[in-house]
Every structure is written in C-alpha cells, then in structure tokens.
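Scroll down for the structure; my scribbles are underneath it.
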Protein chains: 2
Amino acid sequence: MSNPSSTADGILACARALIIAGGYNGFSYADIAEVVGIRKASIHHHFPSKVDLVRALVLRYREDAKAGFAALERAADDPRDQLVKYVAYWEKCITDASDPFCVCALMASELPALPPAVAAEVRLHFETLSAWLTSAFERGAASGVFRLSSTPRAEAETFMATVHGGMLSARALGDPALFGTITNSLLNRFQ
Amino acid sequence: MSNPSSTADGILACARALIIAGGYNGFSYADIAEVVGIRKASIHHHFPSKVDLVRALVLRYREDAKAGFAALERAADDPRDQLVKYVAYWEKCITDASDPFCVCALMASELPALPPAVAAEVRLHFETLSAWLTSAFERGAASGVFRLSSTPRAEAETFMATVHGGMLSARALGDPALFGTITNSLLNRFQ
DNA sequence: TTTAGCCTATCTACTAATTGGTAGGTATTG
DNA sequence: CAATACCTACCAATTAGTAGATAGGCTAAA
C-alpha cells in the first residue's frame with residue numbers, strides 16, 4: 001500500500017513533470033500512461049479523476065516544501081543564510097534542469113481556469129511560503145541582521161515575487177543562469 | 001479589412017481574455033465562438049489555425065507594448081518616473097480587473113508546451129521589455145538618478161521579475177492590492 | 001493443507017463530449 | 001463579377017472517465 005516506489009508515486013512524478021512543462025491543461029492521462037508504461041484505465045484506479053491526481057500531487061508538494069523550510073531553519077541560524085540557501089536550492093534545480101519551475105507558481109498563473117479543489121491547494125502553498133519568508137524577515141529585523149525599508153510582510157512578498165518572476169524570465173529567455181543573476185541582485189539588498 | 005472594430009478584433013480580444021484566464025491550452029475555438037456570437041468555422045476564416053490566432057494576438061500585444069514604452073518616454077524625462085508610470089499602468093489593470101495578467105508572462109510559464117511559433121513571439125516580448133527596462137536603468141545611472149548596486153541589465157531583469165511575480169502573487173492569493181504592495185516596495189529601492 | 005473469498009492492480013474495450021480543422025454552400029457588398 | 005464573411009455539416013483525433021474481465025496475493029475457515 002505505502003510502497004515507497006509504487007506505481008502511484010511514478011504517476012505523481014510523471015504528472016508533476018508534465019505540469020511543470022505545460023500546466024494543468026497541458027497533459028492528459030494518455031501522456032502519463034505512455035511514460036509510466038501502463039494503460040490509461042490503470043491510472044484511474046490510483047487516481048479516480050484528474051482533480052484527485054493533481055490535488056494529491058500539490059498536497060505532497062506542499063508537505064515537501066514545509067519539510068524543506070524546517071530543514072533550512074535547522075541548517076542555518078541566520079535568516080539571511082536561510083534565504084540564501086532557499087534561493088540556492090532553486091538555482092540548482094533550474095540550472096541542472098531537474099525541476100525548472102515551481103509547480104504551484106505555474107498553476108497559480110492559470111488559477112482562474114483551475115478546478116476549485118486544485119486552486120485551493122495552490123493558494124495554500126503561496127500562503128505557507130509567504131508566511132515562512134515573512135517570519136524569516138521578522139527574525140532578521142529583530143536580530144538586527146536586516147535593515148528593512150518596509151514591513152517584513154512586504155519584504156517577504158517582494159522577495160517571493162522576485163524569485164517566481166526569476167523562474168519565469170529564465171524560462172522565457174531560455175537562459176537558466178538568469179535566475180542566478182536575478183536572485184543575486186535580490187540578495188545583495190540584504191547585505 | 002482593417003475595420004477598427006471588426007470581428008477579427010473581437011476574436012482577438014476574446015482569445016486574449018481567455019488566455020489571460022487559463023493559458024494557451026485553457027481555451028478552445030468553441031469558447032470564443034460562444035462569446036463572440038459566431039460559429040466555430042467562422043473563426044477559422046479569420047485565423048486558419050489556433051497558432052495563427054495566438055501568434056497574431058501576441059504580435060499585436062508586442063506592438064502595443066512598444067508603443068506604450070514610447071509613450072512613457074514621452075510622458076516623463078526622468079527614468080524613475082517612467083518606471084513608476086509603467087508599474088502604475090499595471091496596478092490599474094490589476095486592481096480594476098480589466099487586464100489582470102500579462103498575456104506573455106502567462107504563456108511564458110507554459111513555454112515548453114507551446115507551439116514553437118507562439119513561443120518565439122513570447123520570448124521576443126520578454127526581450128523587448130528587458131531591453132527597455134535596461135535602457136531606463138542605464139539612463140538613470142548615467143544621469144545620477146539611480147545609484148545601482150549591480151549592472152543596469154541585472155537591475156532591469158530583477159525589476160521585471162518582481163513585476164511579473166507580483167502579478168502571480170496577487171492572483172494566487174486572490175489579493176489584487178498585493179501587486180501594489182510589492183511594486184511599492186520595489187520602487188522604494190530607487191529613491 | 002486445501003479451499004474459498006476478497007482485495008489490489010492491471011488489462012481490453014468502450015463511451016460521450018470536445019478538440020482543431022475542413023468542405024462546400026449562401027448571402028452581402030464594393 | 002468577385003471577394004468577404006458567414007453558415008451548416010462534417011471529420012479524425014483526443015479528452016476524461018466507465019464497465020467488466022483476469023490474474024495474483026493474502027487471509028481465514030474447513
């Protein structure tokens with residue numbers, strides 16, 4: 001049932017890669033079936049509907065992200081170092097093309113056309129990320145590490161926007177290194 | 001043929017609104033037909049294929065954008081004022097929900113799944129916008145208006161990323177005012 | 001130990017709806 | 001007349017989803 005490398009996991013991984021490439025409407029059960037080496041109907045056994053599949057996928061993504069934030073807090077005391085490591089994580093994913101876009105950022109762009117159950121999960125990820133970044137700026141401001149020109153919340157939202165926009169620019173201009181250029185310039189503000 | 005409020009224009013406007021809502025794969029000729037009040041086949045008369053339609057749409061968008069940049073340069077001498085007005089333009093579009101997302105930013109997110117002809121047009125818009133912003137930062141740095149902490153190009157790319165990411169966050173969190181919060185914080189850097 | 005029952009995972013084969021697109025006809029209009 | 005704009009009526013392919021069969025494995029009762 002909870003086999004760590006089950007067919008269900010393979011379906012989720014494949015769906016995630018396809019969504020990252022083309023969004024919710026950019027893939028079909030047939031696409032997954034071909035990659036995973038299974039018949040279309042068998043996917044419905046694991047995930048009765050497309051909404052079930054994508055909701056499960058985002059749920060897992062959100063849990064991984066939360067675990068990632070916790071790991072970053074364990075890996076560094078300084079909030080600035082945490083932000084540096086957060087950005088470095090994405091820079092690696094993008095430059096080695098292993099995971100070149102945040103699956104929630106991508107689906108957020110098509111949010112009005114998303115099934116409500118999926119849209120709600122996507123929004124929750126943004127809220128989680130926004131809250132974690134805000135807490136990082138709050139801690140940094142309190143300890144004197146950061147000298148903020150606006151509220152921690154506004155700094156966090158601006159930070160998040162720049163990171164997501166950086167993914168977009170790197171993709172649009174076909175230049176993965178651009179993400180690093182943008183995030184370096186972003187992090188320079190806080191030194 | 002070049003009737004300023006022709007059926008073709010109505011199709012383009014409708015397609016644009018549908019793409020802004022859900023991306024390239026988020027709409028069909030049937031959707032447009034219903035809104036415009038015409039039959040599906042008639043759309044093919046004006047735009048033989050979906051690629052033709054969307055390419056024409058992005059082409060027009062790019063021309064409008066370029067005209068907008070020229071207008072901004074006419075409306076203000078100070079590059080900083082130009083950036084303020086650029087951001088204010090989008091803030092208005094987003095808060096009054098008339099045009100809540102850049103159609104090219106949206107399609108950039110699904111770039112790998114886009115027909116190549118459309119993808120190329122989208123990339124050209126990013127290049128144009130990036131070039132205009134870079135020139136604004138160059139002029140501002142030369143005239144002493146801006147004190148930049150990295151190259152004009154890097155500042156421009158970071159600026160563009162933050163604006164696009166701001167659209168994304170406003171949409172994801174269902175809070176149009178968030179775009180203003182983010183861009184205010186962005187513009188504060190250059191005062 | 002064998003056997004019966006059940007659960008899981010997969011399959012083939014289907015469905016209704018939708019997709020982008022075509023063929024060919026009919027008005028209207030310069 | 002000839003071009004433009006629109007129509008009805010198709011088409012093949014694809015979409016998400018269903019029905020029902022089969023095979024294997026686990027468990028519990030005879």
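Letters A, B, ... are given to chains in the order of the sequence lines, protein chains preceding strands, and every chain is numbered from 1.
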Ignoring backbone atoms, test whether B:T7 places a side-chain nitrogen or oxygen under 4.0 Å from the OP1 or OP2 oxygen of D:dA5. no

Answer yes or no: does a side-chain N or O of B:S28 lie under 4.0 Å from OP1 or OP2 of C:dT19? yes

Strictly under 6.0 Å, is that where the ring centroids of A:Y29 and A:F47 end up? no

Round to the nearest Å and state the distance from A:L53 atom CG to D:dT15 atom P. 14 Å

Without decimals, in angstroms, what is the distance between A:N25 CG and C:dT18 P? 14 Å

Residue list, ring-ring contact (aromatic ring centres under 6.0 Å, His included) with B:Y61, at least two apart or on another chain: B:H125

List the residues meeting side-chain contact (heavy atoms from CB on, under 4.5 Å) with B:A76, not counting sequence neighbours, and say none if there are none. B:D81, B:Q82, B:K85

Grab the CD-P distance between A:E34 and D:dT15 for me, whole Å please. 10 Å

Going by ring-ring contact (aromatic ring centres under 6.0 Å, His included), name the residues that satisfy it together with B:F69, two or more places apart in sequence or in a different chain. B:W132

To the nearest angstrom, how far is B:Y29 atom OH from D:dA9 atom P? 22 Å

Which residues within residues 35-50 of chain A lie with some heavy atom under 4.0 Å of an atom in DNA chain D? A:K40, A:A41, A:H44, A:S49, A:K50

Just how far, in rounded Å, is C1' of D:dC6 from CD1 of B:I11? 11 Å

With sequence neighbours left out, the residues meeting side-chain contact (heavy atoms from CB on, under 4.5 Å) with A:A21 are B:P112

Looking at residues at least two apart in the chain, or sitting in another chain, which of them share a side chain to side chain donor-acceptor pair (under 3.5 Å) with A:S149? A:E155

